[in-house]
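Everything below concerns the one structure shown next.
Letters A, B, ... are given to chains in the order of the sequence lines, protein chains preceding strands, and every chain is numbered from 1.
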Amino acid sequence: MVRTRFAPSPTGYLHIGGVRTALFCWLYAKNQKGQFLLRIEDTDQERSTQESIATILQGMEWLSLKSDEEPVYQSQRMDLYQQKADELIESNFAYKCYCTQAELDEMRRGQVERGENPRYDGRCRKVKEPKSDQFVVRFKSPDKGEVKISDHLFGDVLVNNQELDDFVLIRSNGMPTYHFVVVVDDHDMDISHVIRGDDHLKNTAKHIHLFNAFGYQLPKFIHLPMILGSDGSRLSKRHGAMDILEYKRQGFLPEAMLNYLVRLGWSSGDQEIFTIGELIEHFDLTNLNKSSARFDLEKLQWVNQQHISKLSNTKLAELLMQLASEHNIQLPSIEKMQSFSEAYKSRVVSLKDLLTYADKLFSDNFIVDAEAAKKHLKSSIEEPLKDLVSLFEVTTWESASIHEAIDDTCKKHNIGFGKIGQPLRVAVTGITISPPIDITLTLVEKELAIQRLKSAIEYIENR
RNA sequence: GCUCCCUUCGUCUAGUGGUAAGGACGCUGCCCUCUCAAGGCGGAAACAGGGGUUCAACUCCCCUAGGGAGCGCCA
């Protein structure tokens, strides 16, 4: 049984890099009919917060990356870690170290001065009698030979044991460290495939030593290349390293986020747009790319647009109503919003854009863009608009008959459809962009449309 | 500083010794058209550099450069 896990540390929010890792873990598990688990790595008391946990959980929920078991919180498993540490001391794979911070600093300074690698020199290995009740537990790392990390993606990577030092397993405050708990928990949780960022590739050497010390079987390791900012540097706040929920606020669809992210490092032929179902069906570990990818907002926007235009009008209207209430915007009935969605969905990149158009069109304090008015509401169009008003008053409010009314007016004044289309559009929508004008008009109530036309005529008369 | 990893159009990628180096985003030309999109059909655009190996290298090896990562009582 394939069991994967996503193990974020709650020291901040969930960002794109984390989501991509979680996604690959989740997809692989689902593809293999296995299980995906969530583990909160909150062993750093200083930096872990409840808010971070909450926001990470919300992000995962928004993306529908569900854990198949209750999330594991490392802070609640202290007994296990303590017991495992004792086991290692017992078997002589770990020892207590009484060095003070000052001593360690001193040691490192000397090493750096001599051009050596900063590493703990293992001086407490020999200490047999307790020196104080302040100590850390260190792993007795092999100081000869090398470790072979067999990574599914990167292949065999050899690490010289001399580069590794006796790293800390249990801090002086009794809390275990990452390298220790990751091994204990991955084994305890029966994780078959460890899928994580390649910033952990070299760390895996330490983990392998620990697995060996415990006599545990090694899981499969799959390290994923990192996602870089758009300028190729480490992902930071400036780039895509925002809270994933920020993308929700900006009107991105969760399935679009996932679709975009999956293509960073994975491909399936020439296919770009996938449904979640297709992703689960096609995802594998053999079509992974080894090089890091840059985050590209424009491609994300395109992917989002693709997913929006594939969404049903019912679903779109629902999402719009929801987003509107979050932004405190009043919208007409959900039925109306369905027609609106149909008309506008190919014109937007995000739900937020859609909402913006809806707000402009339906807002109680409707305003006509000044520049658009100046350019399109000219006296030459006054008469045709007046005729149109009279015609509209007796026209059935459907796109075909509306179109006919406009055509008739054009014929009467011997002008092209385009001559009246834009002024009409500006008068009724306030802007120069909208779906075909006859369809747009049906979205606005007949009376309201006529009212807006009349005030446009008034504007022309007064300019 | 030491060590490890990576390197195909601007970006995401396909490619696994013999290809006119394919697709997608973006850019761009045309078509469609009442605006803006969407859509359709085109275009420009890449094998980081240098050495090898080979009849033949984007594909294999080495070096250089650039980028990323690890070297914590962070994860």
- [ ] Using the test side-chain contact (heavy atoms from CB on, under 4.5 Å), find all partners of S363(A) that sit at least two apart in sequence or belong to another chain.
- [x] D359(A), N365(A)

Open item on the list: So that I can tick it off, tell me whether E41(A) and R39(A) are bridged by a salt bridge, with the cut-off set at under 4.0 angstrom between side-chain N and carboxylate O.
Closed with: yes

- [ ] Write down the partner of rA37(B) under the Watson-Crick or G-U wobble criteria, each distance required to be under 3.5 Å.
- [x] none

Open item on the list: If the threshold is 4.0 Å, N to carboxylate O, is there a salt bridge linking R123(A) and E103(A)?
Closed with: yes

Open item on the list: Among residues at least two apart in sequence or on other chains, which ones pass ring pair (Phe, Tyr, Trp, His ring centres under 6.0 Å) with F274(A)?
Closed with: W266(A)

Task: Nearest-neighbour nucleotide for the S346(A) side chain, rA38(B), rC25(B), rC4(B) considered - done: rA38(B)

Open item on the list: What's the closest nucleotide to the side chain of P118(A) if the choices are rG26(B), rG1(B), rU35(B)?
Closed with: rG1(B)

Task: Rounded distance in Å between the P positions of rU16(B) and rC58(B) - done: 14 Å

Task: Residues D166(A) and R119(A) bridged, charged N to O under 4.0 Å - done: no

Task: Y28(A) vs H193(A), ring-ring contact (aromatic ring centres under 6.0 Å, His included): CA-CA, chis, key distance, verdict - done: CA-CA 9 Å; Y28(A) 184 62; H193(A) 293 69; 5.0 Å; yes

Task: 5' priority, RNA chain B, between K290(A) and N160(A) [closest heavy atom] - done: N160(A)

Open item on the list: With a cut-off of less than 4.0 Å, is there a side-chain N or O of N203(A) near OP1 or OP2 of rC4(B)?
Closed with: no

- [ ] With the side chain of K299(A) defined as its heavy atoms from C-beta on, choose the nearest nucleotide among rA37(B), rG70(B), rA24(B).
- [x] rA24(B)

Task: K96(A) to F135(A) six-membered ring, cation-pi geometry met (6.0 Å, 45°) - done: yes

Task: Test ring pair (Phe, Tyr, Trp, His ring centres under 6.0 Å) applied to H179(A) - qualifying residues, sequence neighbours left out - done: F167(A), H207(A)

Can you name the atoms? Protein N/O to nucleotides 42-48 of chain B N/O, anything below 3.5 Å, with the distance.
none

TODO: Have a look at Q306(A) and say if it touches a base, only the backbone sugar-phosphate, or nothing, with a 4.0 Å heavy-atom cut-off.
DONE: sugar-phosphate

Task: Under-4.0 Å side-chain N/O to phosphate OP1/OP2 contact, R108(A) with rC2(B) - done: no

Would you tabulate the nitrogen or oxygen pairs shorter than 3.5 Å linking the protein to nucleotides 59-62 of chain B?
none

TODO: Assign N117(A) to base, sugar-phosphate, or nothing according to its heavy-atom contacts below 4.0 angstrom with the strands shown.
DONE: base

Task: Paired nucleotide for rC60(B) [Watson-Crick or G-U wobble; both distances under 3.5 Å] - done: rG52(B)

TODO: Kindly point out which of rC25(B), rA37(B), rA75(B) is positioned nearest to the side chain of T43(A)?
DONE: rA75(B)

Open item on the list: Can you work out whether E116(A) or Y357(A) has the more 5'-proximal nearest nucleotide on RNA chain B?
Closed with: E116(A)

Open item on the list: Check this for me: does any side-chain nitrogen of one of D353(A) and K345(A) sit under 4.0 Å from a carboxylate oxygen of the other?
Closed with: no

Open item on the list: Any carboxylate oxygen within less than 4.0 angstrom of a Lys/Arg side-chain nitrogen, looking at D188(A) and R77(A)?
Closed with: yes

Task: Pairwise P distance for rG67(B) and rU54(B), with rounding to whole Å - done: 35 Å

TODO: Output every pair passing ring pair (Phe, Tyr, Trp, His ring centres under 6.0 Å) with a member in residues 367-392 of chain A, not counting sequence neighbours, ordered by first then second residue.
DONE: F392(A)-W397(A)

TODO: Could you list the residues that satisfy salt bridge (charged side-chain N to carboxylate O under 4.0 Å, His left out) with E87(A), not counting sequence neighbours?
DONE: K84(A)

TODO: Give the nucleotide from the list rC6(B), rU3(B), rC34(B) with an atom nearest to the side chain of D438(A).
DONE: rC34(B)

Task: Pairing partner of rC2(B) (Watson-Crick or G-U wobble, both distances under 3.5 Å) - done: rG70(B)

Open item on the list: My understanding is that a pair needs two contacts under 3.5 Å, Watson-Crick or G-U wobble. By that rule, which nucleotide pairs with rC9(B)?
Closed with: none

Task: All pairs passing ring pair (Phe, Tyr, Trp, His ring centres under 6.0 Å) where residues 406-426 of chain A contributes a residue, at least two apart - done: H403(A)-F417(A)

Hey, what are the protein-to-nucleotides 63-68 of chain B N/O distances that come in under 3.5 Å?
none

Task: Nucleic acid contacts - residues 258-269 of chain A versus RNA chain B, non-hydrogen atoms under 4.0 Å - done: R263(A), L264(A), G265(A), S267(A)

- [ ] Specify the residues of residues 423-430 of chain A, ordered by number, for which at least one heavy atom lies under 4.0 angstrom from an atom of RNA chain B.
- [x] R425(A)

Task: Side chain of I433(A) (C-beta onward), nearest among rC36(B), rU3(B), rC34(B) - done: rC36(B)

TODO: Tell me, please, which residues at least two apart from F252(A) pass ring pair (Phe, Tyr, Trp, His ring centres under 6.0 Å).
DONE: Y247(A)

Task: Rounded C1' spacing from rC12(B) to rC6(B) in Å - done: 16 Å

- [ ] Side chain of A293(A) only, please: which of rC12(B), rA14(B), rC34(B) is the nearest?
- [x] rC12(B)

